[in-house]
A.B. asks: 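Encoded as structure tokens, here's the structure I'll be asking about.
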Protein chains: 2
Amino acid sequence: MNTTLSHARQNFIQGMSRISHFWGFPRAMGAIFGAIYLSPEALSLDELVEQAAVSKGAISTNVRQLERLGMVHKHIRIGDRKDYYTAETDFWKIIKGILREREKNEFNAALRTVDESLALSQSENSTPEEAELAAFYKTRLEAMQRFFHNLDNLVATVMALDELRQTTIQRLFSNTSDQ
Amino acid sequence: MNTTLSHARQNFIQGMSRISHFWGFPRAMGAIFGAIYLSPEALSLDELVEQAAVSKGAISTNVRQLERLGMVHKHIRIGDRKDYYTAETDFWKIIKGILREREKNEFNAALRTVDESLALSQSENSTPEEAELAAFYKTRLEAMQRFFHNLDNLVATVMALDELRQTTIQRLFSNTSDQ
DNA sequence: TATTTAATTCAGTTTATACTAAACGTATTC
DNA sequence: GAATACGTTTAGTATAAACTGAATTAAATA
């Protein structure tokens, strides 16, 4: 391959690796996605080993995670034992997948923690001073609860809007045509 | 203090610590914010040391970061050398601060990487095969550019809507009254 | 059934990062 | 101007996460 094109690819893969790390995902995950995204053909695990410069073990682990997030798709070919991967090119779908898989769990855990703390703080109030503090906790914790619910609704709304995309959301937030 | 209230506070602080870590911030940062958020009074650095159970050095570092993100506010009292901290209670403001401080840098870096890779890949195309591949890179990289710009617009829009909040956004995405 | 070829798992290593504790700098008070 | 009371910086340490390389499992073909 042309060294300039290969350089462009390496630069891109490195950038994806960096973004991935920034968002709290493994570096290799971004590198793998970058390699798949810039390939006209579906890539096998072994091809990924050389293109993304990551060990086989790491590819195996991370490509599965990428699939769970809906960022890549696995293809099997009859009479061929290798798995081949292509990239999801609809980024809104990707965002949706990430939010669903990743946030939902931790997000609900956060909500539960606030609920718990609130319940705990309201259980008893022996002295007036304690009752006052408990009341303060109540206002603060409830405010946070409301925020989390609002945020949840916002995310749900954006995700729902995505259902009608191509007609709505991309026209709303862009002035160029998408895809 | 009542042991139940103290237990509620510790539970909350632990939860904030966890969320903080999940979002790629230091655990101590969340713990410190949690302690400040649940305090009716502004807290000094030394008070934070015991409430958040984190060393003085870590408090010093993380509380500064919290201030940069607009999550806490520093207060000085005349005739008192200590710094006191209170929590920002407007979470939309906090989100704004985080997006501004944290994403903008890394987000633009990501955009630049894509720009770079695109420029590189389009510089020369000696053979027909290379030209074809370069064309493929172009479509893929441009699609990603568009997505990033749309995302940027979406974020900018949500942030702009926040300016008119209390009248608009919270009524849109909630069925309870906020603040 | 043995051999080849693939993906997965796992033990060990590396690396990055956050944290602690102590030293330091700085300003106020006696 | 010495002592005190802060916040900050830094050197060292601990820890967790990710990655590598090798062993293992699984599947297909001979």
Side-chain angles (χ1 to χ4, degrees), chain A residues 13-14 16-36 42-69 71-86 102 105-106, chain B residues 13-14 16-36 42-69 71-86 102 105-106:
Chain A
I13 289 174
Q14 207 179 313
M16 290 298 106
S17 167
R18 182 180 164 166
I19 295 175
S20 184
H21 175 244
F22 176 73
W23 285 103
F25 297 101
R27 283 197 163 86
M29 228 180 98
I32 293 166
F33 178 78
I36 299 177
L43 291 179
S44 70
L45 198 146
D46 283 320
E47 286 166 331
L48 280 170
V49 168
E50 56 170 274
Q51 293 220 14
V54 170
S55 75
K56 214 178 169 188
I59 302 272
S60 175
T61 302
N62 285 295
V63 93
R64 199 169 337 125
Q65 177 66 2
L66 283 170
E67 216 199 350
R68 281 189 59 241
L69 296 176
M71 296 183 68
V72 304
H73 302 287
K74 187 196 281 197
H75 303 273
I76 53 170
R77 296 176 185 166
I78 49 169
D80 188 342
R81 278 194 261 165
K82 295 182 186 170
D83 297 338
Y84 294 89
Y85 296 92
T86 56
R102 176 171 164 171
N105 304 320
E106 195 61 24
Chain B
I13 289 175
Q14 207 178 314
M16 290 298 105
S17 167
R18 182 180 164 167
I19 295 175
S20 183
H21 175 245
F22 176 73
W23 286 103
F25 296 102
R27 283 197 164 87
M29 226 180 100
I32 293 166
F33 178 78
I36 299 177
L43 291 179
S44 70
L45 198 147
D46 283 320
E47 286 165 331
L48 281 170
V49 167
E50 56 172 274
Q51 293 219 16
V54 170
S55 75
K56 214 177 166 188
I59 301 272
S60 175
T61 303
N62 285 295
V63 93
R64 200 170 336 126
Q65 178 66 1
L66 282 169
E67 217 199 347
R68 280 189 60 239
L69 296 175
M71 295 182 70
V72 304
H73 303 286
K74 188 196 279 199
H75 303 273
I76 53 169
R77 297 177 185 167
I78 47 169
D80 188 342
R81 278 193 260 165
K82 295 183 187 172
D83 296 339
Y84 294 90
Y85 295 93
T86 56
R102 178 173 163 170
N105 305 319
E106 195 61 24

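So you know, we letter chains A, B, ... as the sequences are listed, proteins then strands, and number each from 1. These numbers were taken from a predicted model, which means no experiment stands behind them.
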A.B. asks: Give every pair of a protein N or O atom and an N or O atom of nucleotides 11-16 of chain D that lie under 3.5 Å apart, one pair per line with the distance.
C.D. replies:
none

A.B. asks: Tell me, do A/E106 and B/R18 make a side-chain contact under 4.5 Å, heavy atoms counted?
C.D. replies: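 Yes. Closest side-chain heavy atoms under 4.5 Å.
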A.B. asks: Rounded to whole angstroms, how far apart are CD on A/Q65 and P on C/dT9?
C.D. replies: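 Going from CD in A/Q65 over to P in C/dT9 covers 13 Å.
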A.B. asks: Between atom NZ in A/K82 and atom C1' in C/dT4, what is the gap in whole Å?
C.D. replies: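 A/K82 atom NZ is separated from C/dT4 atom C1' by 13 Å.
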A.B. asks: Tell me, do A/V54 and A/V49 make a side-chain contact under 4.5 Å, heavy atoms counted?
C.D. replies: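 Of all side-chain heavy-atom pairs linking A/V49 with A/V54, none is under 4.5 Å.
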A.B. asks: How long is the line joining CD1 of B/I59 and P of C/dT20, in whole Å?
C.D. replies: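 Rounded to whole Å, this separation is 8 Å.
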A.B. asks: Taking C-beta and beyond as the side chain, do A/L69 and A/F25 meet within less than 4.5 Å on heavy atoms?
C.D. replies: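 Yes, close enough: below the 4.5 Å cut-off.
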A.B. asks: So if I take every side-chain heavy atom of A/D83 and compare against D/dG7, C/dT20, C/dA7, which nucleotide ends up nearest?
C.D. replies: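 In terms of side-chain proximity for A/D83, the closest of D/dG7, C/dT20, C/dA7 is C/dA7.
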A.B. asks: Write down the distance between CD (A/E47) and C1' (C/dA7), rounded to a whole number of angstrom.
C.D. replies: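 For the pair A/E47 CD and C/dA7 C1', the rounded distance is 15 Å.
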A.B. asks: Among the candidates C/dC19, C/dT20, D/dG7, find the nucleotide nearest to the side-chain atoms of B/S60.
C.D. replies: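 Minimum distance to the B/S60 side chain belongs to D/dG7.
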A.B. asks: Is a side-chain N or O of A/S20 found less than 3.5 angstrom from the main chain of A/P26, in a donor-acceptor match?
C.D. replies: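 A pair under 3.5 Å: yes.
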A.B. asks: Can you list every pair that meets salt bridge (charged side-chain N to carboxylate O under 4.0 Å, His left out) and has a residue in residues 47-66 of chain B, with sequence neighbours left out?
C.D. replies: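 Listed once each, the pairs would be none.
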A.B. asks: For residues B/V72 and B/T86, determine if any side-chain heavy atom of one lies less than 4.5 Å from a side-chain heavy atom of the other.
C.D. replies: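 Sidechains of B/T86 and B/V72: no contact.
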A.B. asks: How many Å lie between OH on B/Y85 and P on D/dC6, as a whole number?
C.D. replies: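 After rounding, the gap between these two atoms is 14 Å.
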A.B. asks: Return a single string for nucleotides 22-30 of chain C, one symbol per nucleotide in 5' to 3' order, where B is base contact, S is sugar-phosphate-only contact and - is none, cutoff 4.0 angstrom on heavy atoms.
C.D. replies: -----BB--
A.B. asks: Is there side-chain contact between B/I36 and B/I32, with heavy atoms separated by less than 4.5 Å?
C.D. replies: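 The answer is yes; the side chains approach within 4.5 Å.
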A.B. asks: Rounded to the nearest angstrom, tell me the gap between atom CG in A/L45 and atom P in D/dA26.
C.D. replies: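 In whole Å, D/dA26 P and A/L45 CG are 18 Å from each other.
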A.B. asks: Between A/D46 (CG) and C/dA6 (P), how many Å, whole number?
C.D. replies: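 After rounding, the gap between these two atoms is 6 Å.
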A.B. asks: Would you mind reading off the distance between A/N62 atom CG and D/dT20 atom C1', rounded to a whole angstrom?
C.D. replies: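 About 13 Å, once rounded to whole Å.
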A.B. asks: Supply the atom-to-atom distance A/N62 CG to A/E67 CD, rounded to the nearest 0.5 angstrom.
C.D. replies: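 These two atoms lie 13.0 Å from each other.
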A.B. asks: Across the strands shown, which category fits A/A28 at heavy-atom distances under 4.0 angstrom: base, sugar-phosphate, nothing?
C.D. replies: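 Touches sugar-phosphate only.
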A.B. asks: Between A/S55 and A/D80, just flag the one whose closest nucleotide in DNA chain D comes earlier from the 5' side.
C.D. replies: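 Whichever sits nearer the 5' end wins; that is A/S55.
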A.B. asks: Let me know which of B/Q51, B/K82, B/H75 forms a side-chain contact (heavy atoms from CB on, under 4.5 Å) with B/L43.
C.D. replies: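 Output: one option passes, namely B/Q51.
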